[in-house]
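Here's the structure we're looking at; comments come further down.
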Amino acid sequence: MITIDDILETNRMITENKLDVRTITMGISLRDCAHPNISQFCRNVYDKITTSAEFLVKTGEDIEAEYGIPIIHKRISVTPIAIAADACKTDTYVPVAEALDKAAKEVGVNFIGGFSALVEKGFTNGDRILINSIPQALASTDLVCSSVNLGSTKSGINMDCVREMGEIIKRTAELTRDQQALGCAKLVVFCNAPGDNPFMAGAFHGVSEADKVVSVGVSGPGVVKHALEDLKGADFTEIAETIKKTAFKITRVGQLVAREASKRLGVPFGIIDLSLAPTPAVGDSVARIIEELGIEGCGAPGTTAALALLNDAVKKGGLMASSHVGGLSGAFIPVSEDEGMIHAVQQGSLSIEKLEAMTCVCSVGLDMIAIEGDTSAATISGIIADEAAIGMINNKTTAVRVIPVPGKKVGEMVEYGGLLGYCPIVPVRSQYSSEAFIARGGRIPAPIRSLTN
Amino acid sequence: MKLVVTVVGKDRVGIIAMVSQILAENNVNILSINQNIMDGFFNMILIAEISESKIKLTELQKILKERGEEINVQIKAQHEDIFNVMHSV
């Protein structure tokens, strides 16, 4: 029997603490769309997406209204295009990105992910075409998101791709320079990318997934922060318990939404991604949780430990609340999408070097960080290599989504609007070159911990 | 299916009358009402059975919201399951 206190608590979480379901993401396999003629392939892709996801947005809106829980985004992820389009006789996949964009607009979703390649061990012809198409594809579309997985614990790191991605990020920034390099906000470089991640920009529909699945990404940093406000001076056991209970409640709502969406769409339920996904709105910040734990400014010593505790407690609490957990699951630390992180960078307490340490214990990696436009491709590749190494050795997903904004210098601001937020240019402190290291190429061998059989 | 209706706003004459009238007109049966006034603010939580009603939930929500705005109270109507899943295992 629900009590009045329960009802008031739930509604306070929604109205005051900004509890929401961040996304319902429908994963759609494009493996059955293959065709040697790229125009026919694009038609197949467009038709499959618009048929499969015809009612996705409407269903999301119905659930939102019925239960009174905001569902911020409806999204689609597809089979990595480098795989789906590999049979096409072509030298560019830009038309495929345009077909994805058109299909996403037709069904009314917020983003479509999967302009992707999985190259941790090597490239196929399709992988090469895809990677070379990324800058133009992101410049000529609005909703398409792209990702490249270039490392894994099982396979090591593809350092040729690390070098190329530094250049691809630079070229993407250049082609979208009139939008402050917005293209780079839609491009993620991964190590250990999961195939069931509902969050953008890194979502793609993994090759081992069913034809169609529905997954849900939850949110709720504001709710956790609020719960901790009553625990001034409490020890870490009590803090962890409170976060677990709160994560449980948040995730149960995600599970309800996922179950309903799956039933109404007639599509199997995939996973719940147990994430604390912040927004630029005040009161919806992961950095502010860290500060609530007693760190004066996010980034000060103790930040990594605070984030580790938070990330672990969220998983423990959420795990019990859902029948299938997957995706990235943990606390996100994007800079431009988190009001507290933005503030921490502005006041100088948080640096990209500290963020790198934090990525050892958060859900993903260096995310939504604007850097100076004249940062060299080799330096960006060096940042990618470091992140990939952290992921490879620690058997976790790491990623890099940096935005070298042309013409911008440290101290200036960039603004993307919406969930992508705004951010000061973050300094890359070391002025020394990584050029010779990145130029070597080849593969970093799989680590000893890959040999688990 | 059970519906949870929450009403919050400045107290005045006829809030309960208005809400219950809208529900009655649409064949929605009230199961419980809990209401109080705190610092001049009206708070009500009402649980109702909507299975016998012909009106679509989204339409009922719209009517309640609009009529509530006319008398300066916020009315929210939600499927009870969001509370059940969050607070019971």
Side-chain angles (χ1 to χ4, degrees), chain A residues 1-17 19-21 58-71 216 218-220 223-224 227 244-261 263-264 269 272 317-323, chain B residues 1-9 16 19 23 26 28 30-39 41-51 53-69 72-89:
Chain A
M1 183 64 195
I2 33 174
T3 67
I4 290 164
D5 286 346
D6 293 342
I7 293 169
L8 293 175
E9 184 189 347
T10 301
N11 282 343
R12 195 200 61 229
M13 284 183 185
I14 296 168
T15 51
E16 290 172 31
N17 308 139
L19 172 64
D20 58 55
V21 167
K58 168 85 173 66
T59 304
E61 286 168 355
D62 286 350
I63 295 171
E64 178 171 5
E66 224 164 274
Y67 295 96
I69 174 85
I71 299 171
V216 161
V218 298
S219 181
V223 184
V224 174
K244 275 158 63 180
K245 283 181 197 154
T246 311
F248 179 84
K249 289 177 180 173
I250 295 169
T251 311
R252 290 277 284 185
V253 174
Q255 172 81 14
L256 170 71
V257 169
R259 200 185 62 208
E260 279 301 311
K263 193 168 80 190
R264 294 179 194 194
F269 160 56
I272 300 280
L319 196 59
M320 270 283 287
S322 172
S323 45
Chain B
M1 175 195 129
K2 285 183 193 152
L3 190 66
V4 175
V5 181
T6 46
V7 187
V8 186
I16 299 181
V19 174
L23 298 179
N26 290 289
V28 176
I30 296 172
L31 302 176
S32 80
I33 297 181
N34 194 299
Q35 181 263 321
N36 62 29
I37 308 291
M38 272 169 20
D39 300 328
F41 270 85
F42 177 96
N43 282 281
M44 176 167 82
I45 293 170
L46 178 157
I47 299 176
E49 177 59 60
I50 195 175
S51 305
S53 175
K54 293 211 166 49
I55 191 169
K56 276 174 69 178
L57 177 55
T58 43
E59 277 170 45
L60 182 62
Q61 285 170 326
K62 193 162 165 267
I63 296 170
L64 286 167
K65 186 168 179 283
E66 284 172 4
R67 296 282 298 277
E69 279 165 6
N72 285 325
V73 292
Q74 273 186 356
I75 308 184
K76 232 172 142 168
Q78 293 157 280
H79 193 302
E80 66 157 353
D81 272 358
I82 186 163
F83 307 104
N84 288 334
V85 296
M86 194 183 262
H87 299 285
S88 61
V89 181

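Below, chain A is the first sequence line, B the second, and so on; all start at residue 1.
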**OP:** With a 4.5 angstrom heavy-atom cut-off, could you sort out which part of A:Thr246 is near chain B: side chain, backbone, both or neither?
**Re:** neither
Subject >> side chain to side chain contact (heavy atoms under 4.5 Å, CB included) between A:Phe248 and B:Val89, intermediate numbers included >> reply: CA-CA 10 Å; A:Phe248 179 84; B:Val89 181; 3.8 Å; yes
**OP:** Report the option among A:Val257, A:Ile250, A:Thr10 that has the most heavy-atom pairs separated by less than 4.5 Å from atoms of chain B.
**Re:** A:Thr10
Original post:
Crowded around B:Lys76 NZ? As in, over 12 foreign heavy atoms under 6.0 Å?
Top reply: yes
Original post:
Where on A:Ile4 is there a heavy atom nearer than 4.5 Å to chain B: the side chain, the backbone, both, or neither?
Top reply: both
Original post:
Below 4.5 Å, heavy atoms only, C-beta onward: do B:Leu57 and A:Asp62 meet side chain to side chain?
Top reply: no
Subject >> Result of checking A:Val253, A:Asn11, A:Ile2 against B:Ile82 for side chain to side chain contact (heavy atoms under 4.5 Å, CB included) >> reply: A:Val253
Original post:
At a heavy-atom separation under 4.5 Å, does A:Ile14 approach chain B through its side chain, its backbone, both, or neither?
Top reply: side chain
Original post:
Is the number of heavy atoms from other residues, nucleotides or ligands under 6.0 Å of B:Gln74 CD greater than 12?
Top reply: no
Original post:
Of all of A:Met13, A:Lys249, A:Glu260, A:Gln255, which one pairs up most often with chain B through heavy atoms under 4.5 Å apart?
Top reply: A:Lys249
**OP:** Determine, step by step, whether B:His87 and A:Glu9 satisfy the side chain to side chain contact (heavy atoms under 4.5 Å, CB included) criterion, reporting the C-alpha distance in whole Å, the side-chain angles of both residues, the deciding distance to 0.1 Å, and the verdict.
**Re:** CA-CA 10 Å; B:His87 299 285; A:Glu9 184 189 347; 3.3 Å; yes
**OP:** Report the distance from atom CD of A:Glu61 to atom OG1 of B:Thr58, rounding to the nearest 0.5 Å.
**Re:** 11.0 Å
Subject >> Minimal non-hydrogen separation, A:Tyr67 against B:Gln78, with atom names >> reply: O-NE2, 3.1 Å
Original post:
A:Met320 versus chain B, heavy atoms under 4.5 Å apart: side chain, backbone, both or neither?
Top reply: neither
**OP:** Mark yes or no for whether A:Arg252, through its side chain, and B:Ser88, through its backbone, hold a donor-acceptor pair below 3.5 Å.
**Re:** yes
Original post:
Can you find a heavy atom in the side chain of A:Thr251 that is under 4.5 Å from one in the side chain of B:Met86?
Top reply: no
Original post:
Is it the side chain or the backbone of B:Val4 that comes within 4.5 Å of chain A heavy atoms, both, or neither?
Top reply: side chain
Original post:
What closest approach, in Å, do B:Asp81 and A:Arg259 show between heavy atoms, and which atom pair accounts for it?
Top reply: OD2-NH2, 4.3 Å
**OP:** Assess whether side chain to side chain contact (heavy atoms under 4.5 Å, CB included) is satisfied between A:Leu8 and B:Thr6, documenting all intermediate values.
**Re:** CA-CA 9 Å; A:Leu8 293 175; B:Thr6 46; 5.5 Å; no
Original post:
Nearest 0.5 Å, what's the CG-CD distance between A:Asp6 and B:Glu80?
Top reply: 12.0 Å
